[in-house]
Amino acid sequence: MLFEGAIADRVWQLVAERAEFPYFSPMHSARLTLGAALVVTALVRPLPSQQPTNPAPDERFKVDILVIAPHPDDETTIAGYLAKAVLDDKKRVAVVVTTRGDAGSNLVGYEQGRTLGEIREIETRQALGSIGIDKVFFLRMPDTPGFDVADVLRSLETGNHGAALADAVRFIRLTRPEVVITMLPATVSGENHEDHQASGVIATEAFDLAGDPTAFAEQVAMPEDRLYYGNLMEGLRPWQPKKLYYYTDATHFEFMKGKGPEYSMTAVSPARGVSYARLAATEETFHRTQYGDEPARALATNNLKDFEQPLPFVLAKSLVGGAMTADILDGVGGRPIAFAPVRGYRPENLPPLSIELGQAWAFYKRFYPAHSLDVMNTLIAPELGVGSGQHFPVMLLLRNNTDKAVTFHLRAQLPAGWSVDSTSAQHGHPWPMTTFVAGPRDDYPVRVRLVAPRLSKSEWQTITWAADADGRQLGPVSLRVYVGGQ
């Protein structure tokens, strides 16, 4: 009887280990040895009801939807939908927050830094508890302070990208969601924080890796002895979610129209008898460090206009088909699905010479096709929002894919009222013509610091760059900028 023999061997191993401790006297050891012999004798007797167990994944943590949000309070953007999913559709929801918000402001006290992070964790648990969500996890990435232009790469750097991704994969494998919802990985006017975009990048990568048994394989390896201590393998199972959705706190949403479902926040929850806008406002009242008493005042005065706007989502990918604008949970029932590998990065077929926007824009240009995010290439052109008269940087890449050094002559076409504060490595040429030399098979990064015009009324404007090199005309590349009025 192999199983019973294994149990006996394990008991004798424990006996031997205990006998090595100095505080066991010879009499204690003798008694322990005798007792162990009796235990082994009992264990090797045939017990028809005793069978080897192979536990299934822990059902206490199984959810239908997993939200991966950047800061405590960033779930408030979609709190109305989450209330609908939990309270009325009776779905299970968990939330992972990538940071603790410890670099944020505090509208109700002096607490800052790590203490503020502790407070914001509690606020988030209380807020989500108000709409029936009790599974709340934190990756505890650093909360990256905001900069003039949000750059997702900055947040991924400070947040220890690899470790954060491993944690996100772990939470998907633990909760086994049908759907993952996260923030839009794109630089959009109003989407002014790199941590927001980083949560979308990490969630997308985790969506594509959680079903791969070779990704963070230690998580899906079975422990040597789950009944004993000190196990290093985690005993999870690979898991492939079925659908991925994005949301955003951008200042405009027309680009999302028809790209995913949209939910009414003025609709009334059958379970609570109030609008989803009111439920969202109530959920936000718990985030007092960030919003103070404003949500409570909005509820008291019934001034809920900020919560009543329709809530749109982007369907980033579906592995089970279905209409793009169908309900988030449409078609996700039934059995688990097989791992669905994505395209991954492929060597680019680059022209000999080219110009492109750098930093986050260059990253996203390659990230979207690598992760089979076909919708993102049709969603929105490069854009950002700035304040009237604001100074801000833009990075350009001059790309030399030849075997010789090449001189680039860079030009900018700026709308009226714009000016250039500085450019990196100017070589004696006044702007708008600047000369740069890129070595063989090399990229030359050019940092241009711009000054937006002072406008009385907000409006969209477009900046364009072009270059010539080795007798070729390169570009143009354009950046759409929303300039806020004074």
Over 60° means perpendicular and under 30° means parallel, so classify the ring planes of Tyr364 and Tyr368, tilted if in between. parallel
Output side-chain donor-acceptor pairs under 3.5 Å for residues 446-455, partner residues at least two apart or in another chain, one line each.
residue, atom, partner, partner atom, Å
Arg449, NH2, Asp148, OD2, 3.1

Answer with yes or no whether the side chains of Thr434 and Thr423 bring together a donor and an acceptor at under 3.5 Å. no
Are the side chain of Lys91 and the backbone N or O of Ala85 linked by a donor-acceptor pair below 3.5 Å? no
Side-chain (Lys62) to main-chain (Arg176) donor-acceptor, under 3.5 angstrom: yes
Within the side chain of Glu121, is there an N or O that forms a donor-acceptor pair under 3.5 Å with the backbone of Phe138? no
So, using side-chain contact (heavy atoms from CB on, under 4.5 Å) as the criterion, who are the partners of Ile122 when residues are at least two apart? Gln126
Donor-acceptor contact below 3.5 Å, side chain Gln413 vs main chain Ile463: no
With a 3.5 Å cut-off and no angle check, do the side chains of Thr204 and Tyr246 form a donor-acceptor pair? yes
Check for a donor-acceptor pair, side chain of Arg472 on one end and backbone N or O of Leu353 on the other, with a separation under 3.5 Å. no
If you look only at pairs with a residue in residues 172-200, which of them pass as a ring-ring contact (aromatic ring centres under 6.0 Å, His included), with sequence neighbours excluded? His71-His193, His71-His196, His193-His196
Atom of Tyr291, atom of Leu107 and distance for their closest heavy-atom approach: C-CD1, 3.7 Å
Measuring only between side-chain heavy atoms, which start at C-beta, is Val97 closer than 4.5 Å to Val67? no
Closest non-hydrogen contact found for Asp73 with Thr124 is N-OG1, 4.2 Å
I need the minimum non-hydrogen distance between Phe216 and Ala166, along with the two atoms involved. CE2-CB, 3.4 Å
Main chain of Ala79, side chain of Thr76: is a donor-acceptor contact present, judged purely on distance under 3.5 Å? no
Value rounded to 0.5 Å, distance of CG in Leu319 from OG in Ser372: 9.0 Å
Tell me yes or no: between the side chains of Thr289 and Glu123, is some donor less than 3.5 Å from an acceptor? yes
With sequence neighbours left out, which residue pairs that include part of residues 476-486 fulfil the side-chain hydrogen bond (donor to acceptor under 3.5 Å, both in side chains) condition? Glu383-Arg480, Thr464-Ser478
Under 3.5 Å, is there a donor-acceptor pair linking the side chains of Asp195 and Ser155? yes
Are any of the side-chain heavy atoms of Arg399 and Glu356 separated by less than 4.5 Å? yes
Whether Trp239 side chain and Pro177 backbone form a donor-acceptor pair below 3.5 Å: yes
When you compare the side chains of Ser199 and Thr98, does any donor N or O come within less than 3.5 Å of an acceptor on the partner? no
Scan the side chains in residues 345-352 for donor-acceptor partners under 3.5 Å anywhere in the protein, sequence neighbours excluded, and list what turns up.
residue, atom, partner, partner atom, Å
Tyr345, OH, Glu348, OE2, 2.9
Arg346, NH1, Arg343, O, 2.5
Arg346, NH2, Arg343, O, 2.7
Glu348, OE1, Arg366, NE, 3.0
Glu348, OE1, Arg366, NH2, 3.0
Glu348, OE2, Arg366, NE, 2.9

Is there a donor-acceptor pair closer than 3.5 Å between any side-chain N or O of Asp212 and the backbone N or O of Thr214? yes
Checking the side chain of Asn400 only, and the main-chain atoms of Ala438 only, is there a donor and an acceptor separated by less than 3.5 Å? yes
Quick one: closest heavy-atom pair of Phe207 and Lys242, and the distance? CZ-C, 4.0 Å
What pair of heavy atoms forms the shortest contact from Val483 to Gly387, and how long is it? CG1-O, 4.3 Å
Given the options Thr115, Asp143, Ile119, Asp102 meets side chain to side chain contact (heavy atoms under 4.5 Å, CB included) only with Asp143
Non-hydrogen atoms of Gly80 and Tyr276 that approach each other most closely: O-CD2, 3.7 Å
Is the gap between the ring centers of Phe408 and Phe436 under 6.0 Å? no
Pair Asp468, Gln473: side-chain N/O donor-acceptor within cut-off below 3.5 Å: no
Hey, which of Gln290, Glu111, Arg288 is the one that makes side chain to side chain contact (heavy atoms under 4.5 Å, CB included) with Asn106? Glu111
Main-chain N/O of Gly101 paired with Arg120 side-chain donor or acceptor, under 3.5 Å: yes
Ring pair (Phe, Tyr, Trp, His ring centres under 6.0 Å) involving Tyr81 - partner list, sequence neighbours excluded: Tyr263, Phe313
